[in-house]
Amino acid sequence: MSERLAVPREWVLNAESEYRFELDPGTSVAIKLVRGQAEIFGAELVEGKTYFFYEECKAAIFTWQGCTIEITGQPSTEYISDETAMNAYGNIHLALEAMRIRALDRTKSNQPQGYGSDSQSSEPPRVLILGPENSGKTSLAKILLNYATRAAQDWCPMLVNVDPGEGASMLPGTISAAAIPAPLQTSTPAHRLGRAATTAPTHMTSNSLLPLAYWYGHAEVKRNPLLLDRLIRNLGENVWDRHEDDTQGRVSGVIIDTPSSFAANTGGNADHRQALIKACVDAFRINVILVVGHEKLNAEMQRTYAKHITVVKVPKSGGVVELDAPYRSRIHKYQMHSYFYGERFTLPPGMPSLTSAPAAAGYLVGGEQIMDFTLAPSSFVVPFGDLTMWRIGEETMAPSSALPIGATRVVSEMQPIQVDPSQAGSGLYNAVLALLASPNPDESERYDEEILDLHVVGFIVITNLDIPNKKMTVLAPTQTSLVGKTAIVGTFEWEE
Ligand SMILES: Nc1ncnc2c1ncn2[C@@H]1O[C@H](COP(=O)(O)OP(=O)(O)OP(=O)(O)O)[C@@H](O)[C@H]1O
């Protein structure tokens, strides 16, 4: 390792500029704010503390007023840019903030929602972010959420992620909603939108989220858009119910991050794309649409929604990195590993070790004091009969275009099909499954497709199938009884 890497390097940033960096696999960097003010995707850095970044993190340290930062370790790419989109993003935040304050005033004056001529303008912000691949949608969502939580009003905005390829604070394949009480930190792309409490070691709980999630099971929207539509509507209903009894949460608003396939047809069907945007608009009663870096989509949204919804064209940041498919699948792997095994990273060369107490006291990962990030999952053997496993829709369906004219396959796309683990080719070996909440205890309230509407309570992996003895080996965060539980398999595979 070269001597240069061991020596911390100082970078001086002028006001309204940012230091952008990208990391190679297996490397990490430490960044300390030496003096001045700085933030990362809207979350402020504490002066004198050392922040760690790893697992191919790509990010920027931005400063409004100027600062000096100290870097230890060598990113594969690093540079300073004074051409950022932060002014535009800051202005959007101010407009959303004004909406929150008006909505709060209205609540305090006890006027019901929808009352009076200015009812539209006193609604809290419910924002849908749309844009093509690598336009910076997730980064913008994070910046807006982080600015809201810093506003000294105790806002607790709701982050909704309907991009199953992203996974937010859960695993990829899920869509979720989580109230965000404090700025979302940045350290690894495996947890760009926070860490769910279920996977975090206990000492990290101060920043952990309690998301409500549904399992779609695939990274790609085109795989089963009808299912995604239904899950989005389920999520919307839940958020709406929750906000009925939570004025502060309701007034803080909702910010929705979407997949790029909502913006452009990526081999899918144009009707599905529009239907999914509509599902979000209806389910979350969207009143602001932000379109990042896409003229044509902006025009389309203006045409379709501008009568009732404020549609705003937003510039794309020049710092956004083009993420390719192999990178995205490595991130999925980091996410799945960190759910079961926690996080491991090596300090950059030249850093005093974690056992050196005085130095480690100033070390922060994801905004938390560094200690031990590893988890000890359980691997145990259970009879096949303990767990009922389902797959949604058939694997070998003919495409809709191959069906007779007038026929639809709505039922089969949404149909839960029980998976028999004793059948060769069940697809369960090394599959990631979502464990679902219990169905309605009242039998008379049950319905055929109920499992589509049950939220996720955890995840397991089947690491071995012993067909002659009708037993399987299950990897789970803790040893737990699976008797009577229901799980759904998707298309995510576990890799050691
Ligand atoms: N200003 C910046 N400087 C450096 N990296 C950045 C900056 N803004 C975003 N990035 C990085 O660029 C990558 C893509 O950004 P982001 O995920 O926000 O885009 P997206 O439009 O949501 O992507 P997707 O195609 O997955 O929908 C991420 O790794 C993000 O951390």
Side-chain angles (χ1 to χ4, degrees), residues 11 13 16-25 29 31 38-43 53-64 69 71 75-90 127-146 159-168 172-173 175 184-194 219-221 255-264 266 273 276-277 280 290-294 297 314-332 334-335 366:
W11 290 71
L13 306 192
E16 296 190 31
S17 66
E18 65 187 22
Y19 165 81
R20 295 172 181 160
F21 65 94
E22 295 177 40
L23 301 184
D24 273 345
V29 292
I31 301 184
E39 58 187 43
I40 177 157
F41 297 121
F53 303 88
Y54 46 96
E55 286 174 336
E56 302 182 61
C57 185
K58 302 171 192 302
I61 310 283
F62 173 80
T63 176
W64 286 108
I69 51 175
I71 321 282
S76 56
T77 301
E78 57 177 348
Y79 64 98
I80 289 179
S81 171
D82 53 11
E83 281 177 29
T84 78
M86 290 303 284
N87 260 312
Y89 297 173
V127 184
L128 185 68
I129 304 182
L130 297 172
E133 207 173 24
N134 303 316
S135 55
K137 299 176 292 299
T138 307
S139 306
L140 174 61
K142 192 166 174 176
I143 290 167
L144 295 176
L145 287 158
N146 283 348
L159 159 66
V160 175
N161 185 280
V162 296
D163 182 355
E166 171 97 58
I175 65 163
L184 294 164
Q185 304 293 329
T186 298
S187 55
T188 157
H191 296 289
R192 287 182 69 195
L193 293 172
E220 289 187 339
V221 169
I255 297 201
I256 306 183
D257 182 25
T258 62
S260 51
S261 52
F262 282 23
T266 44
R273 181 177 77 74
L276 287 166
I277 295 177
C280 291
L290 303 178
V291 184
V292 193
H294 197 309
L297 180 68
V314 180
K316 171 181 168 175
S317 162
V320 178
V321 183
E322 299 280 320
L323 307 177
D324 57 17
Y327 176 87
R328 288 174 195 267
S329 60
R330 287 199 300 279
I331 302 308
H332 291 163
Y334 296 149
Q335 286 175 303

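For reference, positions follow the sequence shown, starting with 1. What you are looking at is a predicted structure, and each value in this text was computed from that prediction instead of being measured. All ligand and atom numbering here is 1-based and tracks the order in the structure.
Between Asn134 and ligand 1, an N or O atom pair is found at a separation short of 3.5 Å. The shortest N or O to N or O distance between Leu323 and ligand 1 is not under 3.5 Å. Geometrically, ligand 1 and Thr258 share no nitrogen or oxygen pair separated by less than 3.5 Å. Among the atoms of Tyr327, none of the N or O lies under 3.5 angstrom from an N or O of ligand 1.
Using a 4.5 Å heavy-atom cutoff, the side chains of Leu290 and Leu144 are in contact. Contact check for Lys58 versus Tyr327: side-chain heavy atoms found under the 4.5 Å cut-off. Side-chain contact check for Thr84 versus Ser317: every heavy-atom pair is 4.5 Å or farther apart. Residues Val162 and Cys280 are in side-chain contact: their nearest non-hydrogen atoms beyond the backbone lie under 4.5 Å apart.
The shortest separation from a heavy atom of Pro189 to ligand 1 is not under 4.0 Å, leaving the residue out of contact. Contact annotation: Arg192 has at least one heavy atom less than 4.0 Å from an atom of ligand 1. Distances shorter than 4.0 angstrom occur between a heavy atom of Phe41 and an atom of ligand 1. No heavy atom of Gly131 sits closer than 4.0 Å to any atom of ligand 1. Not a single heavy atom of Pro259 sits less than 4.0 Å from an atom of ligand 1.
No side-chain donor-acceptor contact under 3.5 Å links Lys142 to the backbone of Leu184. Without hydrogens or angle criteria, His191 side chain to Gln185 main chain gives no donor-acceptor distance under 3.5 Å. Side-chain N or O atoms of Asn134 include one that pairs as donor or acceptor with a backbone N or O of Leu323 at under 3.5 Å. Proximity of a side-chain donor or acceptor of Lys137 to a complementary backbone N or O of Ile256 within less than 3.5 Å is not detected.
If you check which protein heavy atom lies closest to atom 6 (C) of ligand 1, you get Gly319 O, 3.3 Å. What sits closest to atom 19 (O) of ligand 1 on the protein, heavy atoms only, is Gly136 N, 3.1 Å. For atom 3 (N) of ligand 1, the closest non-hydrogen atom of the protein is Ala60 CB, 3.3 Å. Nearest to atom 9 (C) of ligand 1 among the protein's heavy atoms is Ser139 OG, 3.2 Å. Remark: minimum distance from atom 12 (O) of ligand 1 to any protein heavy atom is reached at Val321 N, 2.9 Å. Nearest non-hydrogen protein atom to atom 31 (O) of ligand 1 is Lys58 O, 2.6 Å.
Under 4.0 angstrom from ligand 1, the non-hydrogen atoms of Ala59 all belong to its backbone.
For atom 21 (O) of ligand 1, the nearest non-hydrogen atom from the set Lys137, Glu18, Lys316 comes from Lys137. The nearest non-hydrogen atom to atom 26 (O) of ligand 1, considering only Glu56, Arg328, Lys142, Glu133, comes from Arg328. Which of Thr138, Val292, Val320, Leu140 comes nearest to atom 22 (O) of ligand 1 through a heavy atom is settled by distance: it is Thr138.
Scanning for side-chain contact (heavy atoms from CB on, under 4.5 Å) contacts around Ala59 gives Phe21, Ile40, Phe41, Cys57, Thr186, with sequence neighbours left out. Qualifying side-chain contact (heavy atoms from CB on, under 4.5 Å) partners for Asn87, counting only residues two or more places apart in sequence or in other chains: Glu16, Trp64.
Residues Glu55 and Thr188 bring a donor and an acceptor atom of their side chains to less than 3.5 Å of each other.
Within ligand 1, counting atoms from 1 as listed, the ones closer than 4.0 Å to a heavy atom of Ser317 are 1 (N).
Interatomic distance, OH of Tyr79 versus CZ of Arg20, reported as 4.0 Å (0.5 Å rounding).
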